[in-house]
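Presented below is the structure to which this report refers.
Each chain gets a letter, A, B and so on, in the order the sequences are listed, and its residues count up from 1. Quantities reported herein were computed from a predicted structural model and do not represent experimental measurements. Keep in mind that the numbers below use all heavy atoms, side chains included, and drop hydrogens, waters and symmetry copies.
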2 protein chains.
Amino acid sequence: MCWLATLLVFAAALCAAPAHAEDGYDLWLRYRLLAPAQVQHYRPHAAELVAGDATPTQTVTRDELQRGLSGLLGSAIPLASTVTHDGAIVVGTPASSSLIAGLKLDLQDLGDDGYLIRSVVANGHAITVIAGRNDIGALYGAFQFLRLLQTTQPIDRLDLRDAPHIKLRVLDHWDYLNGQVERGYAGASIWDWWKLPDWRAPRYTDYARANASIGINGTVLNHVSSGATILTHDYLQKAAALAGVFRAYGIRVYLSVRFSAPIEIGGLKTADPLNPQVQAWWHAKADEIYALIPDFGGFLVKADSEGQPGPKDYGRTHADGANMLADALAAHGGVVMWRSFVYADKPDDDRAKQAYQEFKPLDGRFHANVLLQSKNGPVDFQPREPFHPLFGAMPHTPLMMEFEITKEYLGFATHPVYLGPLYEEVLAADTLAHGKGSTVAKVIDGSLDHHALTGMAGDANIGTDRNWSGSDFNQANWYVFGRLAWNPTLSSRDIAEEWVRMTFSNNPAFVKPVVAMMMGSREAAVDYMTPLGLLHLMGPGHHYGPAPWDASEAEADWRPVYYHRADRQGIGFDRSRSGSDAVDQYAPSLAAQFNDVQQTPEQFLLYFHHLPWNYRMRSGRTLWYELVAHYTQGVEDVQQMRDTWQHLDGYIDAERYRQVAAFLTIQQREAQWWRDACIAYFQSVSGLPLPPGFAPPQHPLAYYQSLSFPYVPGFSSW
Amino acid sequence: MCWLATLLVFAAALCAAPAHAEDGYDLWLRYRLLAPAQVQHYRPHAAELVAGDATPTQTVTRDELQRGLSGLLGSAIPLASTVTHDGAIVVGTPASSSLIAGLKLDLQDLGDDGYLIRSVVANGHAITVIAGRNDIGALYGAFQFLRLLQTTQPIDRLDLRDAPHIKLRVLDHWDYLNGQVERGYAGASIWDWWKLPDWRAPRYTDYARANASIGINGTVLNHVSSGATILTHDYLQKAAALAGVFRAYGIRVYLSVRFSAPIEIGGLKTADPLNPQVQAWWHAKADEIYALIPDFGGFLVKADSEGQPGPKDYGRTHADGANMLADALAAHGGVVMWRSFVYADKPDDDRAKQAYQEFKPLDGRFHANVLLQSKNGPVDFQPREPFHPLFGAMPHTPLMMEFEITKEYLGFATHPVYLGPLYEEVLAADTLAHGKGSTVAKVIDGSLDHHALTGMAGDANIGTDRNWSGSDFNQANWYVFGRLAWNPTLSSRDIAEEWVRMTFSNNPAFVKPVVAMMMGSREAAVDYMTPLGLLHLMGPGHHYGPAPWDASEAEADWRPVYYHRADRQGIGFDRSRSGSDAVDQYAPSLAAQFNDVQQTPEQFLLYFHHLPWNYRMRSGRTLWYELVAHYTQGVEDVQQMRDTWQHLDGYIDAERYRQVAAFLTIQQREAQWWRDACIAYFQSVSGLPLPPGFAPPQHPLAYYQSLSFPYVPGFSSW
């Protein structure tokens, strides 16, 4: 028994390193030991691992499986060069594995990135094969296999195949080179530009792992307004160092470029896209980039908007500008992602109409490697907007979805709002462009108008905070974005459950209430912030808290009063044919529906219509009553979320539990503030008494108007 | 044997959580398992722990000993309510432990914060007692006891007693409320003001542990130029939340206050310190603070310097200003730390003289709870300066040392420069104020002029980087500051060895070369940056890299050319009696020495004297030769450091090893740049050929002058 005792001491010694608390760093890749019954069930199916290491992607695939399985099952999985036992796991491609080649699997229609996971018999043994046509597909399959264990799904009779519906699945970082993150609520930029390229922080690898695990295959490193310096040779070398870390994980680097870079760092006098010198400068710059980063993804461009330069400075169109850049990248296989989010210098009668007015006439004018990147709604990532009318309206142009993952308008880091239902609502929306079933998802995935070049971008919520996203629940928004970019028809509820199981616990007593809480969290925020189709009621500039009264912004169409148009008679923006006629930017049958106040869904009511306070809602109650009721409901929902969480103490680690509890405290205080400030203001406008049974605001309107917030995070005045 | 097998599986399971890499977060409190021989040696002396938990400090003391001993020795130490075995460890005070009371230990002269660690027999058992007069002394003793194990010292016949030489041992954070850290090279501020007071990050506790482990007992949370908002009630509540975390660790919170706060947030028309309304405002503000933070430490003030408001705006003296604030705090036991670092609007003939000129006449005019906080040298934390002439010159005023821990002028995060020798050089410097042996250390610890109120401040190098300080080696500067604040006569070499053992390894094959490398690292930086008494040659504003040519700063005395005064004939600032006569700010015998070029130490030569390029040095070579030789030596020393490190691969974990290696790469490139740029510039001025055998600069001077750095970290234009 002596050697056993020695072993025990040794084992204890291995464990003696101070245990790190669950601080959220591991995201959904925690790989903590499963319950004994699960371990017992899975271990026979993880007897040995047959995986190549001939390429960097193969190596990281093998490493991830070893790491994941040893964590989940409590012991290392032996590596084998060929199958020798039942329960082997074989991962690879027909090129990397003769065993997989010999199985003659039906891999053809998996595309470049797809995978297949199947329980088969090979060499006389029952094994699990994880295969793709390419290394990256095998890596995605490995993550999916681990996910099955992480969520305690059966793995004994597997026959799964999956491939991404969308080609470019991209995170847009709003990171400046000085470390600031615009609308970032999770600390500073994770790119330590100053120490690159010499020092490649281990965090970059974990970033790549997390993204690859949900299929994200591109990252735009810098903010769309971050200037031309990123294109200098020094900074390109830094970007190349990051690309070198990400490459094995199938992630390409993209850069946001400033349209006037040929002037600022190229010494030219113009950035006119039709000027041959300008074109030559961009071609040379592209060559320089590709010499450093052979798999460089391309450019993201914000032009002629919010003060950024663009082709209009030279009397050219967006298409002229985008095509000029696209031509410089085309020979190298790069793309241009051109943003449709534009502000005119002189606002039209309705800012919500502008992108459509500018871009719809350009349909068919963009070169083949240009995508038009549109925000999900026509205004700006509000808690709720109808889908953007460009979706379905430009059949000859690949439209790329831009979702905001960072919660600029949905409570920053401290309101645990799950964005899955928002994304799902937009993707499932029917444009009716080619009749019923012409969903936004089908526009985005290219199936509606037969585009092969497709994309979805998410404005990242990632920063140097240890938990990456400023709160544990915000990690779910990164996760759900990636999963929906892979397959925009997935259910946000299923994704939430997956995420909860991987991130917190498989205990159904925890999973069920938390998923329910998540699924209701966005509607609660809509209710306490901007119910019934209201939007843009937040504080000026920093976007923190309610300020429906605010008229301080220089531009009329940046002011809350521009959007809600409340007066003594009523409230709402008339976008019907009697108003700005924004409704006619939608397909005719949808336009007719939105034009008719009776047919307009109440959740968009005040977005499309200006209505009297005593307008009779479907409930039979007045608009004023319903407005107050929604605001109140939002606060009550948050109280319910807090109560739910209160009952979950002990199910997860103390550190993460306490942080969520603290943030729910903040959320409830701020939900109350939103409700009270908005009701106080709208009451001052409507002059109506509160409906009976509703508590008055805690303070007079003047109190809410007097508040100021000098150090709001994520604001560019930093 | 079945139960043993079960145990093994269980033990393996415990270990199965993914091991976190050594990322530097644990600082010098890693508590990793010691070598088996050490464990065997120590375990009999850690058989059980008798420790109270009647106060928060007692609880954290007990927790730290349990955590440390279980990590170092590989198994938990049992708690006991009284001594039952040989090898018990008893920790506490006579009040907390009847056993300690019964031992009648000689605790009287330990002061409030001291401790005693002694091997004794009690209850018939050989035990170790760790005792203080107060809880905090026992906590300091516990950390010292753990340090003995961490550095593999014997613990079987202990008889140690120690107490701090200095009363206030304080970190000054240069953190703005927006998260920026002025001269911070370790990420953003660790104070997440936005989420305080609701969310108290676990990192705050680890910050307190690290500080308490080296005796630091105060922290100034905000930058001296950070405005008045910190004094609003909302922010005081946030500060109170931090104070609540730190209290158990004996750490008091201080705040930097803006002298004009009564105007900015108080609504007054003046901040005149003699105005009764202003005085009343500060009294009321102090009352408000102490109601929230009963053990609040006091105020740090930068007044009438670099654009900050101050008493001079009202024709009052620094003493008027400091005393007014001190009076507001006095009833509560708070202090004012008034900075002597001042810039006049109109520079005198020699900026180095200004602080002395302004403050020396005020000696004796400050109230009893005011300390005058002086930087170590008369200019500004340069790689080398003579000690500040105020030390020894103000016998009636408690002078507080301000060291810079953050490496604003010594290579930011990426030059592994150990500041211990710099601190030691200053503290050991003899002011000769009361004859030989009147060291700066004795000024600071109050022994020279019999002050009970004493203090040392360090400008923190702490940020959100996972390793706290931007590099592993920078942690040593935080550590050595704390140890020297505890006892300014300690050897920086001993402290380096202690730190290396705790932070990296006890293996002598690692310890010896690394300590040697650290001990030479500051002199290397002096050589490649500012040898022979030169200083202030760095780039304007951001302070990155060499720019001896620079004359772009608005103020003459912010320009490198102001300091080196190089021309065709010679180089150096004449501060002798034939020049600015700064020498006569020192004690007469020292002034005579500095006034005489022959007696001036060569390391301060060009600080005190302007000399011809062909001036004959003690080596027999010319000044020009020696200058080039020093610059060259600095680069060679860094090459030597790299070589040393190259041979140490495998002695420590890969992550930290690689980061140090990457930073040494950066350091060598930048050392070469410093040397080449400075030599190219001084050669352009002197017109002299390079001495034979020295390589010419890699680029022409114009190249170095053309470089620009738009995103230097730590600079306030962020």
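- Within the 4.5 angstrom heavy-atom criterion, atoms from both the backbone and the side chain of A:Trp199 approach chain B.
- In this structure, OH on B:Tyr711 lies 7.0 Å from CG on A:Asn178, to the nearest 0.5 angstrom.
- Checked by atom type and distance alone, the side chain of B:Lys195 never pairs as donor or acceptor with a backbone atom of A:Ile666 at under 3.5 Å.
- With ring centers used as reference points, A:Trp194 lies 6.0 Å or more from B:Phe709.
- For chain B, the nearby part of A:Asp465 is the side chain; its heavy atoms alone come within less than 4.5 Å.
- Taking a 6.0 Å sphere around CD of B:Gln40, one finds it holds 12 or fewer heavy atoms contributed by other residues, nucleotides or ligands.
- Applying a 4.5 Å heavy-atom cutoff, the residues of residues 656-665 of chain A that approach chain B are A:Arg658, A:Gln659, A:Ala662, A:Phe663, A:Thr665.
- How far CG of A:Asp192 is from OH of B:Tyr185: 13.5 Å, rounded to the nearest 0.5 Å.
- A:Arg466 is not listed as a side-chain neighbour of B:Thr464, based on a closest heavy-atom distance of 4.5 Å or more.
- At a 4.5 Å heavy-atom cutoff, the contact between B:Ala413 and chain A is made by side-chain atoms alone.
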